[in-house]
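One structure below.
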Amino acid sequence: MKDLPKPQQEAVHAMIRAAKMKGPQGNRFTVEWVYECILLRIKGPANYEHLKEQEIFPLPCRTTLNRYMRKLPSVYGFQLVLFDVLKHKLESMPSADKHRKGNLVIDEMMVTIGVSFDRHTKKTIGLVDLGKFTPEKDNNKPEDHILEILFQSFRGGWVQSLGIFLTNSNCKGDVLPKIIIEATTLSENAGLFVDGIVTDAATWNRVMWSQFGIDSTNSSCDHPVRQDDRLHFFSDWSHIMKCARNVLSPELHSKPEASRPKTRKRKIKDTAGNEMSEEQIYEMKVQSALNKEIDV
């Protein structure tokens with residue numbers, strides 16, 4: 001069995017444990033097997049249910065998977081555990097291995113606003129979360145963008161996501177340099193070699209460039225970790241080409257109005273007939289969720 005791949009070993013061990021049970025109740029699963037089952041169900045829910053109903057594999061039910069999923073912390077920002085695991089993984093690579101060298105790629109994407117209250121964790125989900133870099137004025141603002149930072153190797157065919165942040169509108173140019181320095185420092189301490197930062201040419205990224213002293217005559221600055229090296233900044237050429245394309249032929253690439261539905265702002269009034277602010281509506285929703293939890 002030791003010659004089998006690790007996932008197949010987990011499957012065989014799960015079958016052996018299931019065979020020792022008198023019934024389907026009370027079966028115990030390893031964390032590795034649960035992760036494999038979660039990925040399998042994400043890729044194909046119908047196939048997962050077929051494998052379970054036909055007892056082809058001893059798979060946990062949906063309730064069990066959801067119980068495990070709730071125990072996984074969905075925390076935004078930089079997770080120090082990730083860099084510890086990454087450091088342990090890189091120890092098997094030679095220090096001069098060129099697979100360790102690469103760039104930090106930073107990009108934002110728009111997401112749907114969705115603020116909700118999690119009864120299990122007693123926390124509000126969907127607010128701006130930049131970790132320790134969250135401005136005080138944005139603490140209670142709903143998020144509508146995601147900022148992702150990942151490391152892409154020059155020579156290797158792999159990428160590693162380092163952190164995801166929730167922002168409102170965009171990550172401001174005075175906060176982004178702090179996040180970049182933090183990401184570079186954590187990556188270098190884990191054993192990676194960050195030689196460049198890749199972003200698009202959006203306004204807030206241009207502000208970030210100016211914070212590092214980047215202009216038309218200078219494309220690098222002193223490396224925050226390696227004193228004798230330089231940290232280079234690159235503008236994503238594909239974003240430049242996309243902007244040029246949209247300027248040259250806007251009628252061919254403009255989004256239809258139907259893809260941007262107009263949201264109607266709800267006006268909620270209190271018992272006195274006065275219109276409530278967004279903060280008051282939010283507090284009312286949280287209090288309502290807490291009352292339901294207490295009633296249960």
Side-chain angles (χ1 to χ4, degrees), residues 76-111 129-133 145-167 170-245:
Y76 296 94
F78 296 119
Q79 302 302 308
L80 298 181
V81 177
L82 183 147
F83 292 94
D84 292 338
V85 175
L86 188 60
K87 183 177 181 179
H88 178 72
K89 181 71 174 179
L90 293 173
E91 288 176 353
S92 60
M93 294 184 181
S95 59
D97 194 337
K98 294 184 178 180
H99 288 75
R100 289 188 175 200
K101 289 181 174 291
N103 290 330
L104 292 184
V105 182
I106 303 174
D107 198 7
E108 284 186 319
M109 66 177 67
M110 182 180 294
V111 295
D129 190 348
L130 295 172
K132 62 182 180 181
F133 306 107
H145 281 74
I146 286 180
L147 173 71
E148 182 175 9
I149 301 177
L150 58 85
F151 177 86
Q152 184 171 22
S153 173
F154 290 143
R155 298 287 297 275
W158 60 278
V159 295
Q160 174 62 54
S161 178
L162 302 179
I164 297 178
F165 301 85
L166 301 180
T167 67
N170 55 68
C171 186
K172 302 302 184 287
D174 57 339
V175 177
L176 191 54
K178 302 176 184 178
I179 297 178
I180 291 176
I181 293 175
E182 182 81 5
T184 304
T185 304
L186 292 174
S187 300
E188 292 276 343
N189 293 338
L192 297 173
F193 297 100
V194 179
D195 291 338
I197 307 296
V198 181
T199 62
D200 57 34
T203 304
W204 48 90
N205 289 327
R206 291 179 179 273
V207 175
M208 177 268 295
W209 292 345
S210 64
Q211 295 284 336
F212 284 102
I214 307 302
D215 53 28
S216 58
T217 61
N218 180 34
S219 62
S220 64
C221 67
D222 292 335
H223 202 284
V225 179
R226 288 177 272 142
Q227 297 181 358
D228 299 332
D229 290 334
R230 304 282 292 179
L231 183 64
H232 301 269
F233 289 79
F234 305 95
S235 179
D236 185 8
W237 68 271
S238 60
H239 183 264
I240 297 176
M241 296 299 295
K242 182 181 70 175
C243 293
R245 177 203 65 185

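Computed from a predicted structure; not experimentally measured.
- We find the CD-CG distance between Gln79 and Leu186 to be 11.0 Å, quoted to the nearest 0.5 Å.
- Put simply, CD1 on Ile197 and CD1 on Ile180 are 5.5 Å apart, with the number rounded to the nearest 0.5 Å.
- Under the rule for a salt bridge (charged side-chain N to carboxylate O under 4.0 Å, His left out), Glu148 has no partner lying at least two apart in sequence or in another chain.
- Just one of Asp107, Ile179, Leu166 meets the side chain to side chain contact (heavy atoms under 4.5 Å, CB included) condition when paired with Leu147; it is Ile179.
- By the 4.5 Å heavy-atom criterion applied to side chains, Phe212 and Ile181 are counted as neighbours.
- Contact of the Thr199 side chain with the Phe233 side chain is not registered, since no non-hydrogen atoms from C-beta on lie closer than 4.5 Å.
- Side-chain contact between Leu104 and Leu150 is absent, with no heavy-atom pair separated by less than 4.5 Å.
- Remark: side-chain polar atoms of Asn218 are not paired, donor with acceptor, to backbone N or O of Ile214 under 3.5 angstrom.
- Interatomic distance, Gln160 CD to Ser153 OG, rounded to the nearest 0.5 Å: 12.0 Å.
- Put simply, the side chain of Leu162 reaches to within 4.5 Å of the side chain of Ser187, judged on heavy atoms.
- For the atom pair CG (Leu192) and CZ (Arg100), the distance works out to 7.5 Å, reported to the nearest 0.5 Å.
- The shortest distance between side-chain heavy atoms of Val194 and Val225 does not fall below 4.5 Å.
- Minimum heavy-atom separation, Pro224 to Thr184: CG-CG2, 3.9 Å.
- Side chains of Lys172 and Val207 form no contact here, defined as non-hydrogen atoms less than 4.5 Å apart.
- With sequence neighbours left out, the ring-ring contact (aromatic ring centres under 6.0 Å, His included) criterion links Phe78 to Phe165.
- Summarising the geometry, atom CD belonging to Glu91 is positioned 7.0 Å from atom NZ belonging to Lys87; distances are rounded to the nearest 0.5 Å.
- Residues meeting the salt bridge (charged side-chain N to carboxylate O under 4.0 Å, His left out) test with Asp229, sequence neighbours left out: Arg226.
- With sequence neighbours left out, the ring-ring contact (aromatic ring centres under 6.0 Å, His included) criterion links Phe133 to no other residue.
- Among residues two or more places apart in sequence or in another chain, the side chain to side chain contact (heavy atoms under 4.5 Å, CB included) test is passed with His232 by Ser220, Arg230, Phe234.
- Take Glu108 and apply the salt bridge (charged side-chain N to carboxylate O under 4.0 Å, His left out) test, not counting sequence neighbours, and it matches no residue.
- The closest side-chain heavy-atom distance from Ser210 to Asp215 is not below 4.5 Å.
- Under the 3.5 Å distance criterion, with hydrogens and angles disregarded, a donor-acceptor pair is assigned to the side chains of Asn205 and Asp200.
- Under the 4.5 Å side-chain criterion, counting only non-hydrogen atoms from C-beta, Val105 is not in contact with Ile149.
- Lys178 NZ: 12 or fewer foreign heavy atoms inside a 6.0 Å radius.
- The OG1 atom of Thr203 sits 12.0 Å away from the CE atom of Met208 when rounded to the nearest 0.5 Å.
- In terms of heavy-atom proximity, Ser235 sits nearest to Trp209 at CB-CH2, 3.8 Å.
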